Amino acid sequence: MKLIMTPPPVPHPTQSFPDNFVWGVATSSFQIEGAPAEDGKGPSIWDTFCQQPGAIADASNGDVACDHYHRLEQDLNLIAALGVDAYRFSVSWPRVQPLGHGEWNPKGLDFYQRLVDGLIARGIKPYLTLNHWDLPQALQDRGGWTDRDTVHRFTDYALGMDRVLGDRIAAVTTHNEPWVMAVLGHESGIFAPGQKSRAAANQVAHHLLLSHGLALQALRAQGSRSRLGIVLNLSPVQPATDSAADHAQARLEDGKLLRWYMDPLFKASYPQDVLDYLGADAPQVQDGDMAAIATPMDFMGINYYSRSVASADGSWRAETSGLPLTDMGWEIYPRGLSDLLVRMHRDYPVPPLYVTENGGAFRDALEGDRVHDRDRTEYIAAHIAAVGDALAQGVPMEGYMVWSLLDNFEWASGYAKRFGIVHVDYDTQRRTPKDSALWYAEFLRAQQAARADAGHLLVGA
Ligand code: IFM
């Protein structure tokens, strides 16, 4: 299958990208798989959280989602039709190890074997995320990420996955967006497991970072052949006004969102201004933790959707900023991506960087077999151009991945928000590539043609 219908007339970014630049699409296990208790899978904290009244906007859950567990071949063909180099997916920990320790589940492992083999057979590089939020409920019952023992359970899980799949995985990231798991899961409580404690959130953040570092060390000691890294959700934080108070607030927000993760990973320390601000809610740190967290990475992923704006009195609202918004109410601000990447390269000794997620939720209308999502297409084109701008300024960019392949379960928003470049009809499970998918496929064909031309030039030289 090839996606060769006419895409919308959205111009391709004009920047040039290196021949080995990795283009991809991304998903996560809980958001697409369904089959929550099939073939020996254990419950995850998101299975539990969805049962809480009021937790999910449309009272939905992940029981069916995109039914990807049963439609693997079809979805692999869809990924291949896009012409991407890589597919970023996550493993559901409770599917492969139902209790989060001890017994492995052969049928769960088999699913990911088929996924990885299916990708390789189609010439697509597997990019595996170990933790995209669906922690085994059995571990949560023992304290979850607030409990230091979970750090060691995670390392064992990482080693187990490497033993089974490591010979075929191009890249492994430990955690997807630790800030989200820590703050939304344990401080505001709007995500699983729904706790509301700032001290717990900071301890969780520390345990996630520590488990990342220890897992990298253990994987390398085991001889892992995959490139190893982590994925952070980051934004530039701008003050709402020029007032000193808004500037101070922006600096603090930058500390909580970006420096709280980047400083330990690259400088083996937490930022002092944030520690001062947290006071007694700062995490318990043991000797050797910070050095472990700063274990060097082979690459790093950044998920970018929008900028952040800070006002000291909390009065700033995206709706009044004048910038266009996505259906999530997030400002469309591609410039923020290049600014962020340039700043990271300037302030930290970063390894090669990927944009591991970027995309937008928009209100799509299915018209026959087309979805004319020009807004999403323009969003993606503008952000790819921003990556090109960062490259031109010397940032070591190696890849870009669209979030997401499919419309899927958007966590507390349920199914109402659609991020896919492929439309999913949740009644029939029919997949329809949107115009953005057609555009991305055409853009990737143009990239490949440029690579081929460069190859001819080299041969002819
Ligand atoms: O859907 C999520 C994804 O799971 C993590 N990053 C942000 C996306 C959009 O909210």
Side-chain angles (χ1 to χ4, degrees), residues 12-24 26 88 171 173 176-179 227 229-240 242 246-267 269 271 273-274 294 296-310 318 321 323-324 330-360 378-403 443 447:
H12 291 176
T14 51
Q15 294 88 344
S16 58
F17 293 85
D19 285 354
N20 59 354
F21 195 84
V22 177
W23 299 100
R88 174 176 177 247
T173 52
N176 180 71
E177 304 183 352
W179 179 91
R227 297 177 82 206
I230 195 170
V231 170
L232 303 182
N233 55 302
L234 300 177
S235 303
V237 186
Q238 300 174 352
D242 252 346
D246 285 357
H247 274 276
Q249 188 65 29
R251 176 76 186 154
L252 176 62
E253 297 298 333
D254 174 75
K256 293 197 297 182
L257 176 68
L258 188 144
R259 289 180 287 118
W260 188 255
Y261 298 91
M262 291 295 286
D263 281 20
L265 288 167
F266 292 100
K267 300 179 180 174
S269 63
D273 59 329
V274 183
M297 291 183 261
D298 301 316
F299 77 106
M300 194 184 142
I302 293 138
N303 295 349
Y304 177 82
Y305 290 89
S306 189
R307 66 171 180 169
S308 290
V309 179
S321 76
L323 289 176
W330 299 345
E331 293 176 309
I332 301 176
Y333 190 66
R335 167 81 199 265
L337 177 55
S338 41
D339 287 352
L340 171 71
L341 296 169
V342 168
R343 182 261 177 114
M344 287 176 61
H345 180 49
R346 183 196 67 204
D347 288 357
Y348 298 95
V350 288
L353 298 177
Y354 283 63
V355 172
T356 32
E357 284 182 28
N358 175 246
E378 286 174 347
Y379 180 105
I380 292 170
H383 286 81
I384 291 175
V387 173
D389 288 346
L391 258 170
Q393 292 175 71
V395 183
M397 297 305 305
E398 271 194 6
Y400 171 90
M401 301 187 179
V402 172
W403 183 269
F443 171 71
Q447 291 300 308

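Here the structure is a predicted model, which is why all the values come from computation and not from measurement.
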Side chain to side chain, Arg259 and Arg251, heavy atoms closer than 4.5 Å | yes
Rounded to the nearest 0.5 Å, what's the gap from OG on Ser308 to NZ on Lys256? Could you check?
-> 11.0 Å
Carefully, step by step, assess Ile384 and Gln447 under the rule side chain to side chain contact (heavy atoms under 4.5 Å, CB included).
-> CA-CA 12 Å; Ile384 291 175; Gln447 291 300 308; over 6 Å; no
How long is the gap from CD1 on Ile230 to CE on Met300, to the nearest 0.5 Å?
-> 7.5 Å
In Å, rounded to the nearest 0.5 Å, how long is the span from CD1 of Ile332 to CG of Leu323?
-> 8.5 Å
Donor-acceptor pair, side chain of Thr356 and main chain of Ile302, under 3.5 angstrom | yes
Where is the tightest heavy-atom contact between Asn233 and Trp179, given as atom of each residue plus distance?
-> ND2-CE3, 3.4 Å
Output, in order, the C-alpha distance, side-chain angles, deciding distance and verdict of side chain to side chain contact (heavy atoms under 4.5 Å, CB included) for Val355 and Met397.
-> CA-CA 8 Å; Val355 172; Met397 297 305 305; 4.0 Å; yes
Any chance the side chains of Glu398 and Asn20 put a donor and an acceptor closer than 3.5 Å?
-> no
Within-4.5 Å side-chain heavy-atom neighbours: Trp23 and Phe443 | yes
Ring geometry between His383 and Tyr379 (parallel below 30°, tilted from 30 to 60°, perpendicular above 60°) | parallel
With distance as the sole criterion, is a donor-acceptor pair present between the side chains of Asp263 and Ser269 under 3.5 Å?
-> no
Could you tell me whether the side chain of Asp242 reaches within less than 4.5 Å of the side chain of Asp246, counting heavy atoms only?
-> no
Non-hydrogen atoms of Tyr305 and Gly359 that approach each other most closely = CD2-O, 3.2 Å
Min side-chain heavy-atom separation Tyr333-Ser235 under 4.5 Å = no
Kindly indicate, with the supporting measurements, whether the criterion side chain to side chain contact (heavy atoms under 4.5 Å, CB included) is fulfilled by Phe21 and Val387.
-> CA-CA 11 Å; Phe21 195 84; Val387 173; 3.9 Å; yes
Look up atom CE in Met262 and atom NZ in Lys267, then write down how far apart they are to the nearest 0.5 Å.
-> 9.0 Å
Taking only residues two or more places apart in sequence or in another chain, which ones pass side chain to side chain donor-acceptor pair (under 3.5 Å) with Tyr261?
-> none
Would you call Val395 and Ser338 a side-chain contact if the rule is heavy atoms closer than 4.5 Å?
-> no
Is Arg307 close to Ser321 at the side-chain level, that is, under 4.5 Å between some pair of heavy atoms?
-> yes
One should read off an interatomic distance between Asn303 CG and Trp403 CH2, to the nearest 0.5 angstrom, of 8.0 Å
Rounded to the nearest 0.5 angstrom, the CG-CG distance for Leu391 and Leu341 is 9.0 Å
Find out whether Asp347 and Phe266 are in side-chain contact, i.e. whether some heavy atom of one side chain is under 4.5 Å from a heavy atom of the other.
-> no
For Val309 and Pro239, work out which heavy atoms get closest and say how close.
-> CG1-C, 4.2 Å
In short, Tyr304 meets Gly336 closest at the heavy-atom pair OH-CA, 3.3 Å
Is there a donor-acceptor pair under 3.5 Å between the side chain of Glu331 and the backbone N or O of Ser306?
-> no
When you look at Glu357 and Arg88, which way does the side chain to side chain contact (heavy atoms under 4.5 Å, CB included) test go after all the steps?
-> CA-CA 9 Å; Glu357 284 182 28; Arg88 174 176 177 247; 3.1 Å; yes
Residues at least two apart in sequence or cross-chain that pass salt bridge (Lys or Arg N to Asp or Glu O under 4.0 Å) with Arg335, listed by chain then number, are Asp339
Do you know which two heavy atoms are closest between Val237 and Ala250, and how far apart they sit?
-> CG1-O, 3.7 Å
Are the side chains of Tyr400 and Ile380 in touch, meaning some heavy atoms are under 4.5 Å apart?
-> yes
Heavy-atom pair of closest approach, residues Leu258 and Leu340 = CD1-CD1, 3.7 Å
Contacts of type salt bridge (Lys or Arg N to Asp or Glu O under 4.0 Å), residue Glu177, not counting sequence neighbours = none
